Structure formats: structure tokens, C-alpha cells
Amino acid sequence: MSDKSQLLSQLKKELLELTHMGSSLAILEWDRQVNMPPGGSSARAQTLAYLAGLWHRKLTSPELFELAGDLMIEMNQGRLTSKEACIVRETWRDLEKARKLPVDFVEELVKTTSEANDVWAEAKKTSDFKKFQPYLEKIVELKRKEASFLGFTRSPYDALLDGYESGMTSDDISIVFQELKDFLIPFIQKIGNSKAQINPEVIKGNFPIHEQEKFTKLVAERIGYDFRTGRLDISSHPFSTSFHPTDARITTRYDEHDLFYSLGSVIHEAGHAMYEQGLLAEHFGTPLAESRSLGIHESQSRVWENLIGKSRPFWKYFYPQLQKAFPKPFLKLSFEDFYQAINYVTPSFVRTEADEVTYNLHVILRFEIEKELIEGSIEVADLPQIWNGKIKEYFGLEVPNDRLGVLQDTHWSDGSFGYFPTYTLGNLYSAQYYDAAKRNIPKLEKELARGEFKLFRDWLRKHIHVHGKLYSADELVRKATGEPLTSKYWTDYIKKKYSEIYAL
Ligand code: MG
């Protein structure tokens, strides 16, 4: 074996061990949220912390750094194939990042955010921002410090954003988000002034949980979520997790009065999990079998949840089955009234309950605020006022309390600054991908209306899933759609769909 292939197989061996540790951690985390009795929480936290420590020690070991460094030389001298280079480049990136953060800093951040998360939950219950404020101030200070450890050129926010959407800067995002905002604010007002009579209550009813379980499972299976390599469980917040392409799981929560909560979340999480199931097992343990970024991941969930799951073709196929499974209230409800009700648009306070049109404005607002917080141009103490001002400006609503305002999301208490924009990036990518798929497969929507989802799933697999981290997010979207990321496809999609529904 040449020197190069020896180094490479050594690196793959090390990475595989790290991945095994990561999968074990993820299984414990899945178990914590799905099965664990409440009394087990503090013991589990210790087990998770111990394993995370082992994982971090291995990741930052001098041996691994030296090995990756030797391979970087091979790469820079052009002696690696593109796949080998992907493994080396992505590993180097992770190692460099991990090594920039001092151990005592990481420990302080973990300790602060885990305390802050509990305080935030309490503060949210009682709508008491003052209680959370000192903790958030501490977190913001630590995140600014983290940005300076990691390094940045323009904004410290970019250093944090890079942890979720590598290659993207806040300047890139600001441009796209401004375009979106310019479209959305007047468009939402137009919808509000429309004379269309849409009653969102017609899809409310009593939906026995076991019937919901049957129906959501049927839908997930039909769209291509493979239950031989997946499973569906219950947790308080829906999520998806994966330990290997042959074991990618999802969860949901059932509400007897709201079938569309479980259904929407199952389709969303199945979209995430199908991405994981579509990664190539032969590359397991390397970046070639890892998802590209959070934004790309979210595009996979959103495309199924919204562009497919709230579309006419999808429901042309599923509505008769829905009527059969839940004669009340659907048997006597016309398809049109049903379709309009599931696509009802209204300004609201809470992001996670927002419809697909208003959703992105919620994200834009958070991006604007967290960027300025990290850059130091606004202060934590002023957040409620700033938040409420933006809700008034964007939606015309008066926020009644901080529980429905600045305290609603867990992200900042976790220290997850830079995460929010990936939700909207996911939406934009999803529309751009869907449009490209329609161009590539002219009969696509006819197929969807016949309940045939394989063509579309295979398209996503071929253009996104199988590549892992081989390409950057930018290269990935250019290769699949012929263009860099643009807000145009999402905006066109929304304009067309909702102009029809609301007779604009
Ligand atoms: Mg998601």
C-alpha cells in the first residue's frame, strides 16, 4: 500500500470509530425522548456528557490532527480523488474548528446553556422575560466569545452561522431575506383583504389516536419512507434522528382534535429521514455519507410537507382515503373546501403554528434580531420591545405577552445562534428543487396524483441524497437546478398557489 492509501485507511478507521460513538449518543438521545422514565433524566444526562466528552477528546486528539494534516498535504498536491478530498477537507474543517475552542470555554457554554434552558422553560410558562434576561445575556456574551475564537471576516454572526450552514454568510442571507420581506409583507396584507371565504374550522373534529396512527403511517409509507429501515414513535416534540442509512427514525405527537398536526409533522420528519435513508451505506463513517447542511436537510422535509403534502395532486390521491378513514368531518366536505382549509393563511404570533406563507417572516425577524445581538448593536434587555415592534410592523399584530413573543422558542436558551435562517433557506431550496424536478419529469404531478411518489423520491436521491458532503450546498443546488440559490422559485410558487386560493 502506498503511503497515501495507508494514511487514508487509517483516517477512515478513526472516523468510523467517531461515527460509532456519535450513533451511540444519538440512540441514547432518541431513547431519552421516546422511552426514558422521567426519573432517569439526571443519570442519562451524566451518561451523555461522559460519552460526549470521550467523543470530543478523540476528535481533538493530536494523532488525528497530525493524520489529517498529512492528508491535507496530499490533497493540496493534487494526489487525492474528489471523494478522497471530500473526506479529508471536511474532516480537517471539523478538527480545526473543534481545536479553536478551549476546553474550559466549551464546558462553560454547556453548563450555562443547560441551566439557561431550564430557566427559559420556567420564564416562558409565566411569561417573565426578566427572569431569563441575565442568562441570555451570559449566553450572548459567550457566543460572541465563541465567534472570536472561531474567527470571521465581516460579522461575528458568520462564524456561528457557519456551524449550521457552512459557506453561507449573513450578507448572502440578508440579500435573499430582504427580497422575501419585500414580497411577503404586502402579499400577506393582500390575503388579509381578500374577499375569499375560507373556513379553517371545517377540518377540525375528533380523530381517534389509533386511526391517526394508521393513517399517518400509511401516508409515510406511500411517499417512500421505508419502515424496514425506519420507525415511528411518540415524543413531546416531533423529531427525526438517524444512526445509519439502515436505521433512520421519526417521531410525532397526536392531538385528538387536530389530525393535521400529526400528519404534517410525520410527512416533515419522513422527508428528513428519507434523506438519511438515501445516504450511501458504503461510505458510512465518512463525510460522503453525511447530510450536507441544515438548510439542505430542511429542504427535504419542507418539500414533502408543503410543496407535495399540501398540494392538489397529493390530496387528489389521498382525499378519498382520508374520507374513508375519517367520515366525520370529511365525507360531506367538498375537495375544494378541504384544500382551502388546509392552506388557510393568517398572521399569527407563534412560528411553529404558522402557515407556509407567513412562516418565513417569523424566521426573518429572528435572523435580524440575533445578528444584531451577536454584533452588539442591540442589547438583550431591549429584546421584548424590539420583538413586539417587528411583529407589529410585519404582521400588524400586538403581542399580548412574552410567552407568545420573544420567549416562544428554545433556540437562544440552547445557544443555537445562527440556526434560524436554515429554516427559511430550506423553504427556498425546496421550491427550487421542486421546480427543477418538474422540468426534468414533465409527468411528475400526474404521477403524484396517482399516488406514485417514487419518481420524485428517486430524483431527490439522485440529485441530493447520494452525494453526502461531496459538494458544497451551493454546488449541490447549482448541479441539480442549474442556478445558485434564489428566492424566485419559492416566491413564484406562493404567488401562484395563493392567488388562486384567495382569488387575488
Ligand atoms: Mg425540520
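Nothing here was measured: the structure is a model prediction, and the numbers come from that model. Order of appearance sets the numbers: ligands from 1, and atoms from 1 within every ligand. Below, all heavy atoms of this structure are taken into account, side chains as well, without hydrogens, waters or symmetry copies.
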Note: Lys310-Glu356 ion pair, threshold 4.0 Å (strictly below): no

Centroid separation Tyr164 to Tyr419 less than 6.0 Å: yes

Validation row, ring centre Tyr319 to ring centre Phe338 under 6.0 Å: yes

Angle subtended at the Mg ion (ligand 1) by His272 NE2 and His268 NE2, rounded to 10 degrees: 90°

Pair Glu370 + Arg366: basic N to acidic O under 4.0 Å: no

Name of whichever N/O/S atom of Glu298 is nearest to the Mg ion (ligand 1): OE1

Short N/O/S contact of Glu269 with the Mg ion (ligand 1) (below 2.8 Å): no

The Mg ion (ligand 1) reached by His297 (N, O or S, under 2.8 Å): no

